[in-house]
Structures are given as C-alpha cells and as structure tokens.
Amino acid sequence: MTVTSVLPEVQAFLARTHSLYLDGKWVSSSGEGRLPVFNPATGSVIASVADATYEDVQRAVGSAKNSFCKGVWREMRPADRERILLRLADLVERDAEILAQLETLEQGQSIMLSRLLEAGGAQSWIRYVAGLTTKITGQTFDVSIQMPPGARYTAYTRKEPIGVVAGIVPWNFPLLIGVWKVLPALAAGCSVIVKPSETTPLTMLRFGELATEAGVPDGVFNILTGTGRIAGECLVQHPDVAKVSFTGSTPVGKRIAQNCASRLARVSLELGGKNPAIVLADADLGRVVGGLTMAGFMNQGQVCAACSRIYVEEPLFDRVAAGLQQALSGMSIGPGMDENAFINPVVSSQHQKKIQSFLDGATEAGAEMLQGPAAPNKQGFYVRPTLVINPDDSLPLARDEVFGPVMTLTRVKNAEEALSKANDTPFGLAASLWTGSLDAAMRLPPKMEAGTVWVNSHVMIDPNMPFGGIKDSGIGRDFGTGWLDAFTETKSICIQH
C-alpha cells in the first residue's frame with residue numbers, strides 16, 4: 001500500500017471557515033446554515049461550507065451582472081482575456097497536487113485519477129478554451145435589399161457574450177466539470193456564477209481563488225455553495241441569469257429546462273446515460289476486457305459516459321465473461337489516497353445506499369452476479385464492483401442509470417440483436433463498438449443512438465472533440481472549436497451607405 005500524505009496546504013485549507021466567494025473575496029452568508037463535507041473513505045466530516053440563502057443568490061447575481069454591465073471583462077481585449085486564462089492554467093499546474101488531494105478527500109476517487117484527469121485535465125481544457133478567446137468570429141454578407149433605389153448595404157454578424165451564466169456542477173468530477181462550466185463562458189466574455197455540488201464544493205472554492213490570482217476581475221467569477229433546493233433553484237429562476245449550464249441527472253435537468261423555457265433563458269444540459277458497448281465476435285479479447293474494465297469501473301462507475309451495458313456476440317461471450325471475472329477478482333479496493341487501490345468509495349452514504357438497492361433488487365430477482373473484493377471497512381462508502389450476467393431486461397438495474405461500479409453482460413446472437421438492445425433506452429449519451437472489422441466500424445456507429453460512439457475504446461474524451469447527448473441525455477455540446485457559440489448571441493448589423 002502506497003498512501004499519499006496530506007499536504008500541509010491541504011490541511012490548512014480544510015481547516016478554514018469556508019464562506020461564499022463573491023466579488024473576488026470571501027463573503028459571509030446572510031444565513032447561519034452550514035453544509036458538512038465528508039471524506040467518503042472514512043465517513044468523517046473534513047470541512048463545512050456556507051449554505052447559501054435566497055439573499056446570497058441575489059448578491060451573487062448582482063455582482064455578476066454589475067461586472068458584465070461595466071464591461072470590466074467583456075470589453076477587455078481578447079488577447080488580454082486569453083493571457084489571464086492561460087495564467088490560470090499555469091496556477092492550476094502549480095497547485096495541481098493541492099487540488100488533486102482536495103478532490104480525492106471530498107469525492108473519494110483515486111488520487112492517481114485526481115492527478116491525471118482532474119488537475120491534469122483541467123490544465124489542458126483551460127489552455128484549449130483560452131485559445132478560443134481570440135478566435136471568436138462573425139461573417140460578412142452580400143445582401144440584395146431593393147429599397148431605396150440605388151442604395152448600397154454592407155451586412156455582417158458579430159458574436160457577443162450572452163450575459164450572466166450560471167454553471168451548476170455535479171459531484172463526480174467537481175474540478176474538471178467545473179472548468180467546463182466556467183472557462184467557455186469566461187472566454188466568451190460572460191460573467192459567471194458557479195454552484196458546485198453541496199457534496200463536493202472544496203476544489204471549486206480553491207479554483208475561485210486561483211482565478212482571482214490569475215487576474216480575472218472581481219465580480220466576473222462568483223461561487224455559491226448551497227443546496228440545489230435553494231441556491232440552485234434561485235439561480236435557475238433568476239431573471240438576470242441569461243444562460244444555465246447544468247450537468248447532472250435527467251429529472252433535475254428537465255425541471256431546469258422547464259424553468260428556463262418559462263422565461264426564454266438559454267440552457268445546455270449534459271444529463272444521464274445508460275451507455276452500451278457492443279462486442280462483435282471478431283473483437284480483440286485483451287483490448288475488450290481491459291478497455292471495458294476501465295470504462296465501467298473508473299471512478300467507481302460514477303462517470304456520465306461510463307459503460308454500464310455490454311452486449312457480446314455468442315462466439316466471444318464466455319471468454320469476455322471469464323476475462324471480466326478475472327479482472328474483478330484482481331481489483332484492489334481501498335481509500336482514494338491509496339495509490340494502488342483501483343476501486344475506491346463512492347461519493348456519499350446516500351449514493352452508496354442507492355447503488356446497493358439496485359443490487360439488492362437484482363439479487364432478489366435471482367440474477368447471476370460476479371463480484372470483486374469486499375469493502376476494507378464499514379465506515380467508508382464502499383460498494384463491491386459487480387458484473388451482472390444476462391439480466392432480465394425489465395430489471396431496474398438493467399434499464400436505469402445506476403452510476404456505480406456495476407455493469408451488465410448480455411449474450412446476443414448477432415450485431416443486429418445487439419444494436420436493437422443497445423438502442424432500447426431513453427438515454428443517448430455515449431456508446432462503443434468493439435470489432436476488428438473496418439466494415440462494421442464504418443457501418444454500425446451511425447446506427448447507434450448516442451452523442452458519442454467510440455470504436456475499440458470507451459470513455460476517452462478530448463477538448464477538441466464535441467461531447468453531449470441525445471434523447472434524455474441532454475441538449476447541446478461541450479468542447480470543440482464551436483464551444484463558445486453556446487455562450488454568445490449572434491447580432492446582425494446592416495449599414496446603408
């Protein structure tokens with residue numbers, strides 16, 4: 001066991017009395033409420049944060065709107081905004097270990113994952129988006145307006161920042177997904193309010209300090225800690241919030257969409273998934289087993305795009321099942337600060353109970369299950385990694401998003417049956433195809449109902465590759481060169497001369 005020691009800087013941050021981060025400084029809440037932050041590996045409280053009130057939301061939105069109206073950020077030269085955002089990436093790199101440890105202590109994930117994907121990935125995404133700051137463009141048009149006779153016109157479009165953006169961040173990747181909410185809005189010239197999950201608020205609070213240190217003007221980036229019921233709802237309904245960017249569950253996303261529709265506010269939603277993998281008989285066994293083990297159990301399956309359903313053609317089924325069973329039996333389970341532990345605790349006691357209820361239901365229904373090692377202690381929020389073999393399609397575990405270390409493995413006769421089962425879901429976030437056939441790799445992905453389809457891999461993302469879902473998995477796309485379009489309005493300008 002190689003256990004990472006908690007840095008003194010991390011211990012000092014945890015010991016603070018955490019307030020709200022508004023106007024570039026710490027501000028006390030107008031209420032007395034506090035929200036505990038737990039270490040999922042032990043179940044113990046490691047910090048607490050302010051529980052924002054209605055009045056706090058008004059202050060935060062007022063701060064963001066004031067900064068936007070004054071133009072302290074949106075009227076800054078794009079090259080200067082880019083320079084500040086690149087400086088922010090440098091500061092994240094400087095404090096990467098602090099951020100990674102905070103992430104692991106509050107979320108439970110492996111410190112290796114926190115270093116690689118959270119702190120490391122955040123740097124890459126910040127630098128990518130910073131580069132888009134100076135690439136915002138419009139178009140010019142030849143127009144054929146006939147009146148008055150002999151008049152000439154020049155017409156063009158320009159992209160303008162949409163205004164105040166509210167980013168609502170989930171608990172599974174608090175820093176990285178927080179960056180996905182904040183950075184494109186900032187790069188477009190918007191002012192931002194972020195509400196992190198009440199379960200995992202600490203890394204975003206530290207990130208806010210780094211944004212100020214990098215040079216983001218006061219009021220441009222504000223952080224509200226609090227519950228979805230109060231802080232989240234008030235943000236979504238506020239008339240001065242021009243856009244809501246939300247990542248989370250489909251039921252909550254639908255309520256947000258309804259609220260935004262009632263006042264015609266912009267919204268982007270990255271929601272749930274029940275992501276399938278189709279494994280054809282000609283697939284490479286080693287690549288399948290290794291790739292799907294990572295895709296299903298990384299971060300304890302608490303990944304929006306995680307593989308949760310596997311459909312394998314008959315000739316390869318038994319070998320895939322044996323390979324995954326061997327992978328399960330060899331998994332080490334332990335706290336996130338143990339660098340050798342592959343399976344770590346899930347984020348909270350509440351989520352642990354939810355996942356376990358899915359497993360209990362499958363057990364009662366007589367489902368065949370293969371499981372990895374048991375939890376190392378009763379205090380942490382652990383769930384045994386589980387593979388459910390050929391479950392009945394009516395089982396909740398087979399149809400609903402579990403969001404835990406659980407996958408189903410189903411035998412199918414052919415690719416057509418696999419495709420039918422894979423598409424038989426209200427979700428459409430991600431999917432994968434595993435095959436050695438170029439023909440299948442070209443023919444089947446267009447038929448798979450998902451926003452992202454990988455071939456011979458799963459769950460791998462990149463800043464330059466658009467990501468988002470269809471059906472009940474969301475609206476809009478993150479990443480890619482067009483990322484900032486969702487945070488701007490297109491204005492047409494027509495000049496008679």
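All values below were derived from every heavy atom in this structure, side-chain atoms included, with hydrogens, water molecules and symmetry-related copies excluded. We number each residue from 1, following the sequence as shown.
When side chains are defined from C-beta on, Asn456 counts as touching Arg287, because their heavy atoms get closer than 4.5 Å. Residues Glu368 and Asn390 have side chains not in contact (no heavy-atom distance under 4.5 Å, counting atoms from C-beta outward). Side chains of Cys304 and Thr247 form a contact here, defined as non-hydrogen atoms less than 4.5 Å apart. Looking at Val459 and Cys307, their side chains never come closer than 4.5 Å, going by heavy atoms from C-beta outward. The shortest side-chain heavy-atom distance between Thr488 and Ile162 does not fall under the 4.5 Å cut-off.
Under the 3.5 Å distance criterion, the side-chain polar atoms of Thr104 are matched with a main-chain donor or acceptor of Gln109. Between the side chain of Thr250 and the backbone N or O of Asp472 there is at least one donor-acceptor pair closer than 3.5 Å. For Ser63 (side chain) and Arg59 (main-chain N/O), no donor-acceptor pair under 3.5 Å exists by modelled atom type. Panel note: side chain Asn222, backbone Gly219; a donor-acceptor pair is recorded below 3.5 Å. Of the possible polar contacts, none joining the Arg477 side chain to the Ile475 backbone as a donor-acceptor pair under 3.5 Å is found. Asp56 places a side-chain N or O within donor-acceptor distance of the main-chain N or O of Ser30, the cut-off being under 3.5 Å. Formation of a donor-acceptor pair under 3.5 Å by the Asn39 side chain with backbone atoms of Ile46 is not found in this model. Between the side chain of Arg411 and the backbone N or O of Phe317, no donor-acceptor pair lies under 3.5 Å. Looking at Ser394, its side chain never comes within 3.5 Å of a backbone N or O of Asp392 through a donor-acceptor pair. Of the possible donor and acceptor atoms, one in the side chain of Asn275 sits under 3.5 Å from a partner among the backbone N and O of Ala430.
A salt bridge (Lys or Arg N to Asp or Glu O under 4.0 Å) check over residues 351-363, counting only residues at least two apart or in different chains, returns nothing. Judged as a ring pair (Phe, Tyr, Trp, His ring centres under 6.0 Å), the pairs with a partner in residues 372-408 (not counting sequence neighbours) are, in order, Trp171-Phe403.
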Q. Given the rule in the side-chain hydrogen bond (donor to acceptor under 3.5 Å, both in side chains) test, do Glu339 and Thr4 qualify, once you have shown the distances and angles that lead to the verdict?
A. CA-CA 7 Å; Glu339 297 181 9; Thr4 296; 2.9 Å; yes

Q: Might you work through the side-chain hydrogen bond (donor to acceptor under 3.5 Å, both in side chains) test for Thr425 and Lys471, ending with a clear yes or no?
A: CA-CA 9 Å; Thr425 174; Lys471 299 195 286 189; 5.8 Å; no

Q: Apply the test side chain to side chain contact (heavy atoms under 4.5 Å, CB included) to residues Val241 and Val236: give CA-CA distance (whole Å), side-chain angles for both, the deciding distance (0.1 Å), then the verdict.
A: CA-CA 7 Å; Val241 172; Val236 167; over 6 Å; no

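Taking the side-chain contact (heavy atoms from CB on, under 4.5 Å) definition, one finds that Asp393 meets it with Lys421, sequence neighbours left out. Taking Ser191 as the reference, Ser67 meet the side-chain hydrogen bond (donor to acceptor under 3.5 Å, both in side chains) condition, with sequence neighbours excluded. With sequence neighbours left out, the side-chain contact (heavy atoms from CB on, under 4.5 Å) criterion links Pro36 to Phe38, Val45. With sequence neighbours left out, the side-chain contact (heavy atoms from CB on, under 4.5 Å) criterion links Thr133 to Pro78, Arg81, Glu82, Leu85, Ala187. Listed by chain and number, the residues in a ring pair (Phe, Tyr, Trp, His ring centres under 6.0 Å) with His458 are Trp454 (sequence neighbours excluded). Applying the side-chain contact (heavy atoms from CB on, under 4.5 Å) test to Thr490 and every residue at least two apart in sequence or in another chain returns Thr157, Lys159. Taking Thr212 as the reference, Tyr21 meet the side-chain hydrogen bond (donor to acceptor under 3.5 Å, both in side chains) condition, with sequence neighbours excluded.
Separation of atoms CG (Leu387) and CG (Leu328) is listed at 6.0 Å; rounding is to 0.5 Å. Note that the CD1 atom of Ile256 and the CD1 atom of Ile168 stand 4.5 Å from one another [nearest 0.5 Å].
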Do any side-chain atoms of residues 225-233 form donor-acceptor pairs under 3.5 angstrom with protein atoms, and if so which ones, sequence neighbours left out?
| from | atom 1 | to | atom 2 | distance (Å) |
| --- | --- | --- | --- | --- |
| Thr225 | OG1 | Ala50 | O | 2.6 |
| Thr227 | OG1 | Ile230 | N | 3.3 |
| Glu233 | OE1 | Gln237 | NE2 | 3.2 |

Review item, side-chain donor-acceptor pairs of residues 478-487, under 3.5 Å, at least two apart:
| from | atom 1 | to | atom 2 | distance (Å) |
| --- | --- | --- | --- | --- |
| Asp478 | OD1 | Trp483 | NE1 | 3.3 |

Show which side-chain atoms of residues 202-209 pair as donor or acceptor with protein atoms under 3.5 Å away, not counting sequence neighbours.
| from | atom 1 | to | atom 2 | distance (Å) |
| --- | --- | --- | --- | --- |
| Thr203 | OG1 | Glu103 | OE1 | 2.9 |
| Thr203 | OG1 | Glu106 | OE2 | 3.2 |
| Arg206 | NH1 | Glu209 | OE1 | 2.7 |
| Arg206 | NH2 | Asp95 | OD2 | 2.7 |
| Glu209 | OE2 | Arg16 | NH1 | 2.7 |
| Glu209 | OE2 | Arg16 | NH2 | 3.4 |
| Glu209 | OE2 | Trp26 | NE1 | 3.1 |

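No more than 12 heavy atoms of other residues, nucleotides or ligands lie within 6.0 Å of CE in Met294, so this atom counts as exposed by the packing criterion.
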